[in-house]
Amino acid sequence: MKKIGLFPGSFDPFTKGHEDIVFKALTLFDEVIIGVGINSTKKYLFDLENRIKHIESHFMNHSNVTVQTYQKLTVDFCKDINAQFIIRGLRDSKDFEYEKSIAHMNIAISDIETVFLLTAQKYGAINSSIVREIYKNNGSIESFVTNSSLLV
Ligand code: ADP
């Protein structure tokens, strides 16, 4: 059976830290699906279409990485796409505490396990919300985001 992992997130925007997690996940999974979650109550800075095109541009040469959107419980989306695992990145203990409770809830309502991958130290400080603040204030986000020109 093919091992399929879903990497869910808002990816507003997809950063070098996220990219690093996907490459690490590819060493463990046959297929990685990047799931861009759509939450109707959340406001995003970057357009959904651009976010998808931008993420896809990182994995042109990897046919086993695809990008999909979803608007339901993450575990229900896993079932739709036959993913047995959720992949999440951990930067620090704060991420761990937050992610641990979500993972426990997910296993309580499904049989989907969460696999945590540690962020490379050099990307540990990258945070999408800080990247958005820099961008909104006309700063350069090149150091944190690959192919950032595709976001606009
Ligand atoms: P969400 O809104 O679901 O938290 P994000 O797009 O912020 O979505 O993050 C998606 C996943 O990527 C989460 O598991 C998060 O911990 C992880 N992540 C965020 N930033 C980084 C980073 N710099 N390095 C590695 N993983 C990260």
Side-chain angles (χ1 to χ4, degrees), residues 3-29 31-59 62 65-81 83-110 112-136 139-148 150-152:
K3 256 193 274 168
I4 303 175
L6 171 73
F7 183 38
S10 318
F11 308 117
D12 187 32
F14 189 84
T15 66
K16 291 184 180 180
H18 294 132
E19 182 182 10
D20 181 58
I21 295 295
V22 174
F23 282 122
K24 282 182 203 260
L26 280 176
T27 65
L28 300 170
F29 295 96
E31 217 181 290
V32 173
I33 296 169
I34 301 170
V36 183
I38 302 169
N39 179 339
S40 51
T41 62
K42 218 163 151 180
K43 259 190 77 91
Y44 301 99
L45 179 64
F46 296 103
D47 202 65
L48 178 64
E49 298 285 302
N50 290 347
R51 266 186 285 149
I52 295 168
K53 261 190 279 158
H54 173 246
I55 301 171
E56 284 173 342
S57 75
H58 295 69
F59 305 103
H62 296 268
V65 180
T66 51
V67 184
Q68 294 194 37
T69 57
Y70 70 99
Q71 198 164 10
K72 52 168 68 177
L73 280 178
T74 301
V75 290
D76 288 340
F77 184 56
C78 282
K79 287 182 186 137
D80 292 349
I81 59 174
Q84 307 94 333
F85 301 94
I86 292 172
I87 301 159
R88 295 290 279 179
L90 294 181
R91 285 164 293 192
D92 51 29
S93 53
K94 228 170 68 211
D95 271 355
F96 173 70
E97 288 303 329
Y98 174 70
E99 296 292 344
K100 186 177 67 169
S101 42
I102 299 177
H104 280 152
M105 302 276 279
N106 281 334
I107 201 76
I109 59 169
S110 72
I112 312 284
E113 286 285 354
T114 302
V115 172
F116 297 111
L117 294 169
L118 212 56
T119 307
Q121 221 169 8
K122 61 180 170 180
Y123 301 131
I126 303 180
N127 178 315
S128 289
S129 67
I130 300 174
V131 171
R132 288 196 295 279
E133 276 312 302
I134 295 172
Y135 181 83
K136 279 195 272 188
S140 166
I141 60 169
E142 282 295 313
S143 324
F144 316 114
V145 179
T146 310
N147 302 339
S148 61
L150 291 174
L151 282 165
V152 284

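Order of appearance sets the numbers: ligands from 1, and atoms from 1 within every ligand.
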Worksheet item: Salt bridge or not for K53 and E56, using N-O below 4.0 Å?
Response: no
Item to complete: Give a yes-or-no answer on whether the side chains of K42 and S10 include a donor-acceptor pair shorter than 3.5 Å.
Response: yes
Practice prompt. Would you check if the side chain of T119 reaches a backbone N or O of L90 as a donor-acceptor pair within less than 3.5 Å?
Written response: yes
Discussion item. Could you check whether atom NZ of K79 has more than 12 heavy atoms from other residues, nucleotides or ligands sitting under 6.0 Å from it?
Written reply: yes
Worksheet item: What residue and heavy atom of the protein are closest to atom 23 (N) of ligand 1, and at what distance?
Response: I126 O, 2.8 Å
Practice prompt. Look at atom 13 (C) of ligand 1 and say which protein heavy atom is nearest, naming residue and atom and giving the distance to 0.1 Å.
Written response: R88 CZ, 3.4 Å
Worksheet item: How far is atom 6 (O) of ligand 1 from its nearest protein heavy atom, and which residue and atom name does that atom have?
Response: F11 N, 2.9 Å
Worksheet item: Any idea which atoms of ligand 1 are less than 4.0 Å away from a heavy-atom of K42?
Response: 2 (O)
Discussion item. With a cutoff of 4.0 Å, is G37 in contact with ligand 1, counting heavy atoms of the residue only?
Written reply: no
Practice prompt. Could you tell me whether N127 and ligand 1 have an N or O pair separated by under 3.5 Å?
Written response: no
Practice prompt. Show which atoms of ligand 1 fall inside a sub-4.0 Å distance from at least one heavy-atom site of F7.
Written response: 11 (C), 12 (O)
Worksheet item: So, is R91 polar-close to ligand 1, with some N/O to N/O distance under 3.5 Å?
Response: yes
Worksheet item: Are V75 and I86 side-chain neighbours, meaning at least one heavy-atom pair lies under 4.5 Å?
Response: yes
Worksheet item: Got a sec: does the CD of E49 have more than 12 other heavy atoms crowding it under 6.0 Å?
Response: no
Item to complete: Take the angle between the ring planes of F14 and H54 and call it parallel below 30°, perpendicular above 60°, tilted in between.
Response: perpendicular
Practice prompt. Please determine if S128 has a nitrogen or oxygen closer than 3.5 Å to a nitrogen or oxygen of ligand 1.
Written response: no
Practice prompt. Would you kindly say whether E19 and T146 are connected by a side-chain donor-acceptor distance under 3.5 Å?
Written response: yes
Worksheet entry | Region of I21 engaging ligand 1 - heavy atom pairs below 4.0 Å | side chain
Discussion item. With nothing but distance in play, are any N or O atoms of P8 less than 3.5 Å from an N or O of ligand 1?
Written reply: no
Fill in: Heavy-atom gap K16 to ligand 1 smaller than 4.0 Å
no
Practice prompt. Among all protein heavy atoms, pick the one closest to atom 27 (C) of ligand 1 and tell me residue, atom and distance.
Written response: H18 CD2, 3.9 Å
Worksheet entry | For T119, atoms of ligand 1 separated by under 4.0 Å from a heavy atom | 24 (N), 25 (C), 26 (N)
Discussion item. If the threshold is 4.0 Å, N to carboxylate O, is there a salt bridge linking E133 and K136?
Written reply: yes
Discussion item. For ligand 1 and D12, I'd like to know whether there is a polar contact (N/O to N/O, distance under 3.5 Å).
Written reply: no
Fill in: Backbone of R91 reached by a side-chain donor or acceptor of Y123 within 3.5 Å
no
Practice prompt. Could you check which of G89, G35, G9 puts a non-hydrogen atom nearest to atom 15 (C) of ligand 1?
Written response: G89
Worksheet item: Could D20 and K122 be called an ion pair, given the rule that one side-chain N must be under 4.0 Å from one carboxylate O?
Response: no
Discussion item. Which option wins on minimum heavy-atom distance to atom 1 (P) of ligand 1: A125, S129, S10, G17?
Written reply: S10
